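This report concerns only the one structure given below.
All values derive from a computational prediction rather than experimental measurement.
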Amino acid sequence: MTKRPKPLRARATALADRLRSRSRGGDGDPAGTPAPAGSAHRRPRLGYVVHGWGGLHAPSAHVRVVQRAELLAASGRVQVDQVDPAAFASGSDNRDFDVVLVQRDAVPADVLPAFLERIRTTGTRLVAEVDDDFFTATAVERLGRAEYDPGRLASVLAVVRAAATTIVSTPVLADAVRGAGGEPVVVENQVDPRLWSGDEDPPTQPPTDTGRTTRSVHRVLYAGSRTHGDDLAVLRPVFEGLVADDGRPVRLEVVGVSEDVADWYDDLAVPDDAGHYPSFVRWLRARSDRWDAAVAPLVDEPFNHAKSDLKFVEYTLLGLPVVLSAVGPYQRHTGRAIVVPNDDPDAWRRAVLDAVREERPTSAARQYVRDARLIGSDTAWERALGLRTD
């Protein structure tokens with residue numbers, strides 16, 4: 001009788017267990033004891049491992065790791081370097097780090113055992129960082145349908161289990177990490193004030209685009225990666241035929257999100273020179289007057305419950321009133337934004353019309369984002385890394 005292949009989760013877990021066992025060498029905790037944060041005579045040294053190099057990274061790497069690391073380095077308190085995982089594992093990169101941070105599956109499975117062995121033998125504090133659910137059965141099944149490589153899942157799982165702590169963006173994701181054998185700490189997504197709060201001015205708005213009060217249509221922004229097609233579908237009964245009280249049509253304008261374009265929304269192409277996150281943010285900010293409001297739909301499924309509320313933060317910093325699905329991370333923003341159940345298209349339509357009448361986000365939203373969601377507003381990330389104790 002032919003054996004049935006193991007399910008994706010089982011294969012990933014088995015591989016992660018083998019990698020973890022080999023990295024431990026049979027005894028000791030590879031990264032359970034924090035290394036000293038440095039003496040009075042030298043700054044502590046942080047190494048970080050993410051996909052991409054030279055400032056060209058996925059948005060999650062920029063938001064969760066790279067921009068925080070750049071601002072930490074600029075403070076002068078910590079020496080910060082990006083690490084090539086293969087060079088670190090082989091020893092050809094022989095720098096001594098107090099802490100090494102690994103995001104997601106940035107260490108390839110084929111070098112992971114040697115990488116973790118180097119962590120163990122040098123006494124380096126290992127910290128993992130994840131911003132999506134890679135662990136629960138429903139999440140792994142979803143990733144499998146998306147043809148997610150089991151080796152990548154195994155790498156995430158092995159690093160999380162070996163790490164002293166795992167930085168996550170939400171309490172729901174913390175529960176998933178804890179269930180997988182990790183030690184989570186929640187550090188909410190924060191954005192770089194150099195990009196978002198005016199310290200680094202965006203280019204001037206192109207003069208061909210008329211302002212909010214003079215154009216013939218109300219535009220509502222939905223921006224995101226090309227993995228949100230199901231979320232976009234929530235909005236179809238909302239925007240088809242929608243007209244504001246002033247008689248102007250209300251059109252959804254999509255940036256990214258879907259490769260297909262339908263007649264019930266408009267697609268705004270992102271130019272090639274705005275393809276990575278910092279340049280995309282500058283491009284988006286330069287066009288903020290193009291939109292009257294923004295939306296963030298989210299399908300009500302377990303995988304989405306672990307996601308963060310980053311879109312709410314970004315839209316608020318664009319100066320746009322926001323309508324959110326009453327799902328997962330968005331439910332807590334009642335009072336800061338308009339939060340609507342997915343199964344009530346009429347409520348969504350009323351909410352969108354209310355939003356386009358507003359000139360800016362609520363004062364509660366603006367105050368909250370300024371106080372809590374800009375990098376540097378707290379020391380939670382440094383404390384999670386073991387670089388501060390206050």
Side-chain angles (χ1 to χ4, degrees), residues 3-32 47-53 57-58 60-61 64-65 82-90 100-121 124-170 172-185 227 302-303 306-307:
K3 286 187 176 181
R4 295 178 61 187
K6 290 183 178 180
L8 177 63
R9 179 176 174 80
R11 283 183 284 153
T13 302
L15 177 55
D17 287 338
R18 290 199 301 273
L19 291 168
R20 184 181 184 215
S21 175
R22 289 165 61 187
S23 71
R24 288 182 183 273
D27 57 42
D29 183 351
Y48 66 91
V49 183
V50 296
H51 287 295
W53 203 269
H57 311 279
S60 65
R64 294 289 294 171
V65 179
Q82 186 174 352
V83 173
D84 179 330
F88 182 87
S90 69
V100 169
L101 172 67
V102 175
Q103 188 186 38
R104 288 187 167 199
D105 60 331
V107 178
D110 60 341
V111 303
L112 187 55
F115 183 94
L116 293 179
E117 177 65 13
R118 172 92 185 274
I119 290 287
R120 187 186 70 80
T121 58
T124 305
R125 176 178 170 85
L126 176 64
V127 177
E129 200 285 328
V130 293
D131 60 343
D132 267 326
D133 182 358
F134 291 88
F135 313 102
T136 62
T138 55
V140 170
E141 181 183 359
R142 173 190 171 123
L143 294 168
R145 290 197 305 270
E147 298 182 354
Y148 210 93
D149 180 359
R152 295 177 65 188
L153 290 172
S155 178
V156 177
L157 191 59
V159 170
V160 162
R161 289 179 171 179
T165 193
T166 297
I167 300 174
V168 299
S169 52
T170 68
V172 174
L173 186 51
D175 289 340
V177 166
R178 196 175 292 112
E183 297 290 337
V185 59
T227 58
F303 183 80
K307 284 187 171 294

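Comment: D132 engages R104 in a salt bridge, judged by a side-chain N to carboxylate O separation of less than 4.0 angstrom.
Nearest approach of D105 to R152, heavy atoms of both residues: OD2-NE, 2.5 Å. In plain terms, the two heavy atoms of P85 and V107 that are nearest each other are CB-CG2, 4.1 Å. Residues E183 and V177 come closest through the heavy atom pair N-CG1, 4.3 Å. Considering all non-hydrogen atoms of both residues, A89 and V111 come closest at CB-O, 3.8 Å. When all heavy atoms of D133 and A176 are compared, the closest pair comes out as OD1-CB, 3.9 Å.
Looking at V168 and E129, their side chains never come closer than 4.5 Å, going by heavy atoms from C-beta outward. Using a 4.5 Å heavy-atom cutoff, the side chains of F115 and V100 are in contact. The shortest side-chain heavy-atom distance between F88 and I119 falls under the 4.5 Å cut-off. Within the 4.5 Å cutoff, the side chain of R64 has heavy atoms near those of the I167 side chain. Taking 4.5 Å as the limit, every side-chain heavy atom of L157 sits out of range of all side-chain heavy atoms of F134.
Here the CG-CG distance, from L143 to D149, works out to 11.5 Å after rounding to the nearest 0.5 Å.
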Open item on the list: Could you walk me through whether T166 and V185 satisfy the side-chain contact (heavy atoms from CB on, under 4.5 Å) test, starting with their C-alpha distance in whole Å, then the side-chain angles of each, then the deciding distance to 0.1 Å, before giving a yes or no?
Closed with: CA-CA 6 Å; T166 297; V185 59; over 6 Å; no

TODO: In sequence, state the C-alpha distance, the side-chain angles, and the governing distance for V102 and V127, and then conclude on side-chain contact (heavy atoms from CB on, under 4.5 Å).
DONE: CA-CA 6 Å; V102 175; V127 177; over 6 Å; no

Open item on the list: Before you tell me yes or no, could you show the steps for L112 and V159 under side-chain contact (heavy atoms from CB on, under 4.5 Å), namely the whole-Å CA-CA distance, both residues' side-chain angles and the distance that decides it to 0.1 Å?
Closed with: CA-CA 8 Å; L112 187 55; V159 170; 3.7 Å; yes

Open item on the list: Checking Q103 against S60 for the side-chain contact (heavy atoms from CB on, under 4.5 Å) test, could you report, in this order, the C-alpha distance in whole Å, the side-chain angles of both residues, the deciding distance, and whether it holds?
Closed with: CA-CA 9 Å; Q103 188 186 38; S60 65; 3.9 Å; yes

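In terms of modelled atom types and a separation under 3.5 Å, the side chain of D175 and the main chain of R178 share no donor-acceptor contact. Under the 3.5 Å distance criterion, the side-chain polar atoms of T170 are matched with a main-chain donor or acceptor of A306. Under the 3.5 Å distance criterion, the side-chain polar atoms of S90 are matched with a main-chain donor or acceptor of A86.
Residue Q82 places its CD atom among more than 12 non-hydrogen atoms of other residues, nucleotides or ligands, all under 6.0 Å distant.
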